[in-house]
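Written out below as structure tokens is the structure these notes cover.
Each chain gets a letter, A, B and so on, in the order its sequence line appears, and its residues count up from 1. All values below were derived from every heavy atom in this structure, side-chain atoms included, with hydrogens, water molecules and symmetry-related copies excluded.
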Amino acid sequence: MNPVMADLPPGGIGMPNLLSRYAECTIWLARYMERIENLARLVDVTETFVRARSTTSGWMSIVQINADDERFIERHGTASEENVVGFYVIDRENPNSIVSIAHAARENARALRPLISTEMWMHLNMFTNAVSALGPADIRASNLSALCARLKQDCQTHHGITEGTFYRDQAWLFYLIGRSLERADQITRLIDIKYHTLLPSVAGVGSEVDIGQWAAVLRSAAAYHAFRRTVAGDMTPSHVVGFLLKNDGFPRSLSTSLSQLYWAVGHLRTDYGLKNGYAAAERVEELRATLAEQTVKDIILRGLHEFLDWVQRELHLVHEDIARAFWPAAMPAPPHRAPDAGTSQDQSQS
Amino acid sequence: MSDPGNDPGSDLGGALGQPRGQQGPGLFVTYDTPDFYCELMNRRDPPPDSLTRIRDRLAHFGLTELRQRARVAEADLYNLGITFTVYTDRDAIDRILPVDLIPRVLTAGEWNHVERGVRQRVAAINHFLWDIYHERHILTDGIVPAALVLGNANYRPEMEGLDVPGRVYVHINGTDLVRDGAGNFLVLEDNARTPSGVSYVIENRHMMLRSMPDLAAGLDLMPVDEYGPRLRRALTETAPGGIRDAQVVLLSPGIYNSAYFEHVFLAREMGVPLVEGRDLMVENGRVFMRTVAGPRPVHSIYRRLNDDFLDPRVFNPDSMLGVPGLVEAYRRGNVTIANAIGTGVADDKAVYAYMPRIIRYYLNEEPILSNVETHICGEPEGLAYTLANLERLVVKPVGESGGYGLIIGPHATKAELESFRAGLLADPANYISQPVIDLSVSPTLCEAGVEARHVDLRPFAVTGESTWVLPGGLSRVALRKGSLVVNSSQGGGSKDTWVLAS
């Protein structure tokens, strides 16, 4: 027997394993597209708050949520609608802007061209071209809501095309991991923006303004009707936060995203024998347990912002566990990243 | 040089009693059929029925209709992200846009001739490479000057004595052909390193069938979709001995390379991973790719990197694109590299001049496809002829300098010719000379309407246990009026090449 054949792993050839680089790019592609969608939601809800004059921190809150304070202040000083929206939608210098993220998503997709469907690539390419063409006129207040709706819809189209055309193998699981990681992270930011917006509070808990704001948060997460339908009683902070964090039927809730994340990591092991994911799986499991063990009232009592912060840090570590397991450090990082100097984890916001 | 004896333009309108440029209704009403051999409108022999049918169908298209379809096709390409950066490399075909919607048609008989000729040429090149990296009979027999081969910049001592599987060096070959004023196919050059452009052949066909379904309807065209499976099979057949189910990969420089689109295309058509250098590693003389399940063995590499970038331990030490230790694994026979390292010596301009003799030497056959008549100035007769006819010839240096330092006699001034003559006499072995060829033309949609533009043809041959030639090949077209340059960076485009099966 040829020596090269002799040391083939069981099941080696015939069941092709995903290139590490493809796995990494797949996760980032999914994260970036999910991130754009959520950024559009954040801009949209902030606009609602600002328009209702129910905030003291105004447009700055979105900057704080994304931990972009330093970069933003250095460039713009004080926040206005024009400069914040510009910063997050069309500013190519800002790696966290929608246009930058769209380009980063396309670069990852370009690296994945051998793997993804032509439909996926074509849509991403057209989407990036459309986003690149956006100018100051497109982000004027009168156009903003329509623009956010269009951006959301394009991201949803991407998810739909992916769901309908992406081959179901390891790459699909990595895609789901990326998407649920990002979605989990982003729901905590959406809740947090309300917290930031109201510091110091201009409206008492339970006031009309307060209820109106929570309703806006729900709407921006596409959760309003489901909330009304399933939650009896008033729109109290704990009801809304509880819904967004712990409702297993709501597709963007933290608990749903975590359970999908856990499912995908688990299937890498059960379907493909990829046992290296156990560290990530364990961390996700702990995160889910912590969430399940506490009531929303407890969480709010102990500090909602601190809890959300902690969740974001844990999710960041999950991503690192995955990276260590499936694309070990021996491999230099792919060059096609938006140049975010912010964090150790390449592109993750924190 | 045009041969006045068989001026193909003279019998066209005359026989029909029509003025020139009035061949039919619609599209070709204003077509000014040139004196050149025209692939569609102006062949010497009466065209076969199938060709006439295509011509008649085309004639019924209006210019507006054709332009409209061309716009849709272009938008299609834009959305598909088939965009290019300009990147000059002798083997690379970059920026093949736009695609012209009037196909270039070859008859079954023409194709049979080209196919046999290409096969013969590839066979000779593989014999030649085996020989020069082993016994060197052709050098000791004095057929090709030893200095030309051993002193060649693309000669790789690393290949000496290495027995490549199946004795195949050139798994993928692109032969650049032109047609002269009489319609004869002539080889302009061989591309035996990493020839590119095949993806456009297949993409162009897909686009043509989408854009011009009514033109293609019912025609018996030879298909081009087999290329990917054929290539994969060839790479499997030439994998190191004893390997079943060889793992084939395509090695690309990455997403910033101008031909990345083609790399993706071929990886998808073959169904194999597209890897970059950093995805591969060598351990104990074997090649592995990094996967989510750890390292997995790799047996055949279709590389789209030049020799110098393959392995920083052996070639360019600064290359970040290659794989350290790859050449060692190759030398140990643990991996197949396609094309083999060191094939550049076979498609060199100087060696080209000897190709007819190389074919006769190894195959004991006459060349089926002629070279462009080439005079080797390193030989006394060649030099004498060149000096006597300088003002009518193209004289090219044979070294690595590419397009630099050549002179086109008919376009040069007296002073330029005299100064060139001095350089030629100082180092005759560095030059070859060729006549200026009247390249054939094909009707092409241009700004002002349908006009004649020069075309060439690059058929692709895939060699494993045997050689298969993709029917047709890439037809490049010089979009600038009168230009002989089909390179895409200089205003070139492409056409779909239709080979009629009968």
Worksheet item: Side chain, backbone, both or neither: which part of A/Ile322 has an atom under 4.5 Å from a heavy atom of chain B?
Response: neither
Practice prompt. Tell me, yes or no, whether the heavy-atom count around A/Phe166 atom CZ, taken from other residues, nucleotides or ligands under 6.0 Å, exceeds 12.
Written response: yes
Worksheet entry | Separation between CG of A/Leu18 and CE of B/Met289, rounded to the nearest 0.5 Å | 9.5 Å
Worksheet item: Does the side chain to side chain contact (heavy atoms under 4.5 Å, CB included) test come out yes or no for A/Arg21 and B/Glu276, once each step is laid out?
Response: CA-CA 9 Å; A/Arg21 182 168 54 86; B/Glu276 297 178 13; 3.2 Å; yes
Worksheet item: Contact part of A/Leu274 toward chain B, heavy-atom cut-off under 4.5 Å: side chain, backbone, both or neither?
Response: side chain
Item to complete: Against chain B, label A/Thr118 side chain, backbone, both or neither, depending on which of its atoms sit under 4.5 Å from a heavy atom there.
Response: both
Discussion item. Quick one: does any side-chain atom of B/Arg268 pair with a main-chain N or O of A/Ile116 as donor and acceptor, under 3.5 Å?
Written reply: yes
Item to complete: Kindly write out the residues that satisfy side-chain contact (heavy atoms from CB on, under 4.5 Å) with B/Arg233, not counting sequence neighbours, or none if the list is empty.
Response: B/Arg230, B/Glu237
Discussion item. With a sphere of 6.0 Å drawn around CZ of A/Arg269, does it hold more than 12 non-hydrogen atoms of other residues, nucleotides or ligands?
Written reply: no
Discussion item. Main chain of A/Asn17, side chain of B/Thr291: is a donor-acceptor contact present, judged purely on distance under 3.5 Å?
Written reply: no
Discussion item. Among A/Leu124, A/Leu115, A/Asn129, which residue has the highest count of heavy-atom pairs closer than 4.5 Å to chain B?
Written reply: A/Asn129
Discussion item. Would the distance check show the side chain of A/Tyr22 and the main-chain N or O of B/Leu274 forming a donor-acceptor pair, the cut-off being under 3.5 Å?
Written reply: yes
Name the atoms and distances for all side-chain donor-acceptor pairs under 3.5 Å in residues 150-158 of chain A, with sequence neighbours left out.
residue	atom	partner	partner atom	Å
A/Asp154	OD1	A/His123	NE2	3.0
A/Thr157	OG1	A/Gln153	O	2.7
A/His158	NE2	A/Tyr175	OH	2.8

Discussion item. At a heavy-atom distance under 4.5 Å, which candidate from A/Lys275, A/Met122, A/Arg113 has the highest pair count against chain B?
Written reply: A/Arg113
Discussion item. Between A/Glu107 and B/Tyr256, is there a side-chain heavy-atom distance shorter than 4.5 Å?
Written reply: yes
Worksheet entry | More than 12 heavy atoms from other groups under 6.0 Å of CG on B/Asn284 | no
Worksheet, complete the sentence: Applying a strict 4.5 Å limit to non-hydrogen atoms, the region of B/Val275 in contact with chain A is both
Worksheet entry | Region of B/Tyr260 that comes under 4.5 Å of a non-hydrogen atom in chain A | side chain
Worksheet item: Is any side-chain heavy atom of B/Arg290 closer than 4.5 Å to a side-chain heavy atom of A/Leu19?
Response: no
